[in-house]
Amino acid sequence: MKEITCKLLVIGAGPGGYVSAIRAGQLGVDTVIVEMAKPGGTCLNIGCIPSKALIHAADDFHRTAAMAAGRNAMGIRAENPTIDFGRTIAWKDGITGRLTMGVAGLLKKAGVKMVVGRARFRDGKTVEVETETGQQVIRAENVIIATGSAPVELPMLPFGGKVISSTGALSLTQVPEKLAVVGAGYIGLELGIAFAKLGSKVTIVEALDRILPLYDTQLTQPVAKRLSALGVEVLHGTKVKGMSSNGETLLAEAADGEERRIVADKVLVTVGRKPVIEGWGREELELDMDGRYLRIDDQCRTSMRGIYAIGDVTGEPMLAHRAMAQGEMVAEIVSGKRRSWDKGAIPAVCFTDPEIVSVGLSPDEARAAGREVKIGQFPFSANGRAMTLSAEEGFVRVVARADNHLVLGIQGVGAGISELSAAFSLAVEMGARLEDIAGTIHAHPTQSEAFAEAALKALGHALHV
Amino acid sequence: MAYDVIVIGSGPGGYVCAVKAAQLGLKVAVVEKRATYGGTCLNIGCIPSKALLHASEMFHHAAHGMDALGVEVSAPKLNLEKMMAHKDATVKSNVDGVSFLFKKNKIDGFQGTGKIVAAGKVSVTGEDGKVQELETKNIVIATGSDVAGIPGVNVEIDEKVIVSSTGAIALDKVPQHLVVVGGGVIGMELGSVWSRLGAKVTVVEYLDKLLGGMDGEVSKQFQRMMAKQGMDIRTDAKVSGVEKTANGAKVTYEPVKGGEAQTVEADVVLISTGRKPYTAGLGLEEAGVALDNRGRVEIDSHFKTNVAGIYAIGDVVKGPMLAHKAEDEGVALAEILAGQHGHVNYDVIPGVVYTQPEVASVGKTEEELKAAGVAYKVGKFPFTANGRARAMLATDGFVKILADKETDRVLGGHIVGFGAGEMIHEITVLMEFGGSSEDLGRTCHAHPTMSEAVKEAALGTFFKPIHM
């Protein structure tokens with residue numbers, strides 16, 4: 001097969017990879033992207049998007065079931081809702097199908113050539129791709145490594161049989177009667193809550209003594225409360241040991257040493273993700289590592305000239321939008337623009353019920369960084385819009401420097417708060433002070449008013465509490 | 001004992017002004033005619049209508065929105081009485097909240113009709129006819145607005161068959177046919193409520209488009225969506241009569257450009273043609289407070305009327321009739337009265353229409369920029385290309401950003417879509433900062449959220465979107 005020569009080669013077409021390729025194409029850079037599966041990567045095919053589709057369907061089903069059980073404060077009654085889970089999954093697959101086709105279309109429109117197959121570095125400028133029709137060699141001035149991440153496997157609970165990863169959980173053909181979730185991080189909780197709403201009896205096993213260890217307890221408490229209302233059992237301080245010898249039961253050990261046997265139809269293991277640093281010829285290169293990740297500088301350059309890395313393979317936070325922002329930046333650098341990484345804010349969203357958002361520093365992190373802080377917290381129970389939505393659980397919290405009121409971080413928990421994250425990020429990114437937020441008119445009645453009120457509260461004079 | 005401030009009216013403008021003034025150390029009283037605090041907004045406006053909008057959305061969604069997701073349910077039943085109870089409970093907790101805030105901030109509340117006797121003197125007439133007179137250094141008029149009726153047409157609103165928004169949030173059964181006169185925000189919101197609960201809804205609008213001053217593209221797509229939802233929309237229609245009949249009422253209208261009159265029969269007619277400032281019985285004439293040519297209290301840029309010591313805010317003065325505009329005026333005025341320097345930025349006031357999908361807007365429309373001769377650029381992004389929107393079956397609508405062609409400063413933002421009312425605030429904050437579309441486009445937005453469409457529209461404004 002004839003060799004391809006290009007200015008930019010992108011390995012991996014997840015959110016980081018495909019965004020960098022599209023941007024580069026738009027800027028007139030001769031670009032090739034290699035992907036071994038469908039474009040869109042984990043995010044579009046087996047991650048963010050399908051999980052949100054499932055969560056949405058589960059919400060709808062659960063809400064209707066509450067109507068049927070007479071537990072609807074608004075006077076709506078329904079009878080016998082059922083779920084045709086096969087159709088739900090087909091609907092979800094329709095969405096991912098359209099989105100991956102959409103990405104392929106966007107790449108084409110931007111003039112990016114797509115090569116399907118597994119890529120492997122021969123040297124820093126040359127990559128071989130095993131395609132269906134034979135080996136394709138690509139020579140590139142610049143290469144972006146965007147190989148992403150994969151679920152971490154536990155040695156005593158290898159994937160297979162009853163033991164599934166998030167990928168497996170998103171392609172079940174029926175709702176498991178009993179689901180055990182190992183790991184109470186955001187992926188485990190998002191999926192665990194969705195299946196609980198679809199009717200599974202869910203048990204969550206977590207080695208630590210709390211859920212969502214990356215967030216403070218104030219933020220996680222409403223989620224813990226909701227889990228218990230949904231009948232989800234959470235076993236804290238419990239370590240999994242493996243499956244029973246007949247493969248039917250999950251074995252675990254509680255903090256007091258007592259053995260727990262958890263009967264489950266499926267065991268979902270969500271104990272984190274690891275960067276994909278093998279299988280693409282890293283050994284042919286001289287790339288410095290940063291722990292288990294590829295080391296990069298503030299322009300996403302690796303230790304080898306002309307080789308960049310973006311996304312999950314470069315470290316935490318492993319978030320699609322961080323990868324996309326990096327991808328956009330590297331494309332612009334390759335096209336000759338002067339860019340460097342200076343994002344002040346990368347929002348993190350947990351699509352649990354209720355949702356959690358965090359941007360910038362939490363109160364503890366700010367204090368640990370030696371800052372004297374002012375904190376303002378405003379509850380949705382004092383917000384009119386939240387009342388009308390029957391969604392009064394949660395709050396918005398603003399953390400600012402005590403001396404000049406510069407906003408250092410914004411967190412919140414509540415129904416639908418994921419969409420408030422954009423305003424939070426923008427405020428941190430633009431260097432807002434508390435007065436700036438408080439002085440911006442927020443439409444009434446909206447949940448966003450809680451943001452302005454939290455800023456007012458930090459200034460010592462909230463209006464509505 | 002004399003007060004520092006007496007606020008007449010406890011709607012969002014009035015109560016916020018009172019709370020803020022008290023927080024700043026002033027001695028404050030509030031006079032309220034209604035039995036509960038909170039004004040139109042909390043009692044018969046924003047809050048109860050949002051409670052019904054949400055509840056009716058849930059009902060409609062249970063009936064129609066879930067089949068595609070594989071969730072199957074037999075036709076849901078409506079218990080309207082219980083739905084109204086949810087609305088009333090929501091109102092009660094909100095108005096109780098205002099009483100609590102007054103108590104907490106040591107604000108004296110007076111129940112009765114307030115009247116300005118002269119600068120520094122307010123009389124309160126209670127229900128029992130007893131009059132007390134209060135003394136104060138400053139008076140704040142925050143009496144709000146009232147239903148306007150149809151100019152030149154004699155309409156008798158009985159709040160049963162011919163209703164204003166007040167009656168439309170308290171109907172005791174779902175009308176078979178509701179005719180909405182006036183396709184503005186209120187008419188479209190309440191029309192949506194009853195349409196979702198099963199009424200046939202016909203909207204009669206004088207202008208050639210819905211939602212009056214909204215961006216043209218926005219109102220065009222909005223109209224298409226409302227028609228698709230089953231509303232019968234008749235624009236360019238001038239209503240010449242609204243009368244009660246034996247079985248309900250009838251509305252007569254004729255084309256604005258001239259032509260034959262038509263009549264539609266209805267069980268209930270909603271008059272939502274706008275609101276007018278409420279100043280009756282306030283004693284403004286006696287006190288010598290000047291009104292402008294539209295009956296609004298005339299104020300200077302510091303909310304001061306022509307009479308020293310008398311101020312006015314909210315719907316009773318110029319500007320958009322929005323609760324949050326009134327609240328911000330209340331805050332600014334309280335600060336001024338406490339010797340500080342409050343002000344309101346009228347260029348950045350968001351507006352939200354709580355239909356489904358929602359419409360939200362801040363700053364200038366494309367038409368306004370054209371008329372002002374401003375060179376601008378536009379970025380647009382549809383929710384059909386947004387992953388979260390697809391996952392929620394909420395792909396209707398788009399984001400539109402308008403920026404100055406030379407400086408890239410964002411001049412306006414418009415969103416049609418599910419949750420637009422919350423998403424508009426990042427554009428609002430950005431505009432308060434005088435930010436550019438590049439600032440917006442280069443801010444990291446969480447994935448997958450619908451707000452990514454805002455980022456993409458901004459990317460499209462200064463260069464190209466990624467996902468289009």
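Lettering of chains follows the sequences in order, A, B, ..., and the numbering in each one begins at 1.
In this structure, chain B has a heavy atom under 4.5 Å from the side chain of A:Ser421, while its backbone stays farther away. If you measure heavy-atom distances from A:Lys109 to chain B, the contacts under 4.5 Å come from the side chain alone. Of the two parts of A:Glu392, neither the backbone nor the side chain holds a non-hydrogen atom closer than 4.5 Å to a non-hydrogen atom of chain B. Residue A:Ala462 touches chain B through its backbone alone, counting heavy-atom pairs closer than 4.5 Å. Proximity to chain A is absent for every atom of B:Glu329, based on heavy atoms less than 4.5 angstrom apart. At a 4.5 Å heavy-atom cutoff, the contact between A:Phe351 and chain B is made by side-chain atoms alone. Contacts of A:Leu420 with chain B are made by side-chain atoms alone, with heavy-atom separations under 4.5 Å and no backbone atom involved. The parts of A:Val19 that come within reach of chain B are both its backbone and its side chain, each placing non-hydrogen atoms under 4.5 angstrom from that chain. Of the atoms belonging to A:Arg63, it is side-chain heavy atoms, and not backbone ones, that fall under 4.5 Å from chain B. Within the 4.5 angstrom heavy-atom criterion, atoms from both the backbone and the side chain of A:Leu426 approach chain B. With a 4.5 angstrom heavy-atom cutoff, B:Pro320 does not touch chain A via any of its atoms. Only the side chain of A:Met67 comes within less than 4.5 Å of a heavy atom of chain B; its backbone N, CA, C and O stay farther away.
Relative orientation of the B:His467 and A:Tyr18 rings is perpendicular, given thresholds of 30° and 60° on the angle between their planes.
Contact record, A:Cys48 with B:His447: SG-CD2, 3.6 Å, taken as the closest heavy-atom pair. The two residues B:Gly70 and A:Thr88 have their closest heavy-atom pair at CA-OG1, 3.6 Å.
At a threshold of 4.5 Å between non-hydrogen side-chain atoms, the residues A:Glu328 and B:Leu459 count as touching.
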- Task: Could you walk me through whether B:Lys50 and A:Met387 pass side chain to side chain contact (heavy atoms under 4.5 Å, CB included), step by step?
- Result: CA-CA 9 Å; B:Lys50 260 85 265 178; A:Met387 287 181 203; over 6 Å; no

- Task: Decide yes or no on salt bridge (Lys or Arg N to Asp or Glu O under 4.0 Å) for B:Lys455 and A:Glu429, but give the supporting numbers first.
- Result: CA-CA 13 Å; B:Lys455 173 193 163 97; A:Glu429 194 65 52; over 6 Å; no

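The one candidate from B:Val91, B:Thr90, B:Leu53, B:Leu52 that meets the side-chain contact (heavy atoms from CB on, under 4.5 Å) condition with A:Thr388 is B:Thr90.
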